[in-house]
Undergrad: 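One structure coming up, written as structure tokens, with questions to follow.
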Amino acid sequence: MRARSNLRLIAEGMELTPHMYQFRAFTHHIKNGGKPRTNEMCGLSTTIVSALAYQAITERREIEVDPKLMAFDFETPDWTEHGPLTA
């Protein structure tokens, strides 16, 4: 990946980031059947952290993550149901 100035944004050989591996696995499972390792709870928690990180940067201050952001009055899927990652 290169910026417009032709300066590399990531190290040589790191074109496939963990995010890209997860995206490929997710689309593979959707296309071919199976259960992706990521689910809506992973997406929600990532979105919360991203939004708060943006807020912290723009306001130039530390932001505390309120646990209520992940509290629901209905059952939610377990985002750790697959157990530890294996090679």
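Atoms considered below: every heavy atom in the structure, side chains included; atoms not considered: hydrogens, waters and symmetry mates.
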Undergrad: Go through the structure and list residues passing side-chain hydrogen bond (donor to acceptor under 3.5 Å, both in side chains) with Asn32, not counting sequence neighbours.
TA: His28

Undergrad: ring-ring contact (aromatic ring centres under 6.0 Å, His included): which pairs involve residues 32-76, sequence neighbours left out?
TA: Phe72-Phe74

Undergrad: Give me the other members of the hydrophobic cluster that Phe26 sits in, counting Ile, Leu, Val, Met, Phe, Trp and Tyr linked by side-chain heavy atoms under 4.5 Å, directly or via other members.
TA: Ile30

Undergrad: According to side chain to side chain contact (heavy atoms under 4.5 Å, CB included), who are the partners of Leu52, at least two apart in sequence or on a separate chain?
TA: Ile48, Gln55, Ile63, Val65, Leu69

Undergrad: Go through the structure and list residues passing side-chain hydrogen bond (donor to acceptor under 3.5 Å, both in side chains) with Arg61, not counting sequence neighbours.
TA: Glu59

Undergrad: Any salt bridge (charged side-chain N to carboxylate O under 4.0 Å, His left out) involving residues 67-77? Give me the pairs, sequence neighbours left out, ordered by first then second residue.
TA: none

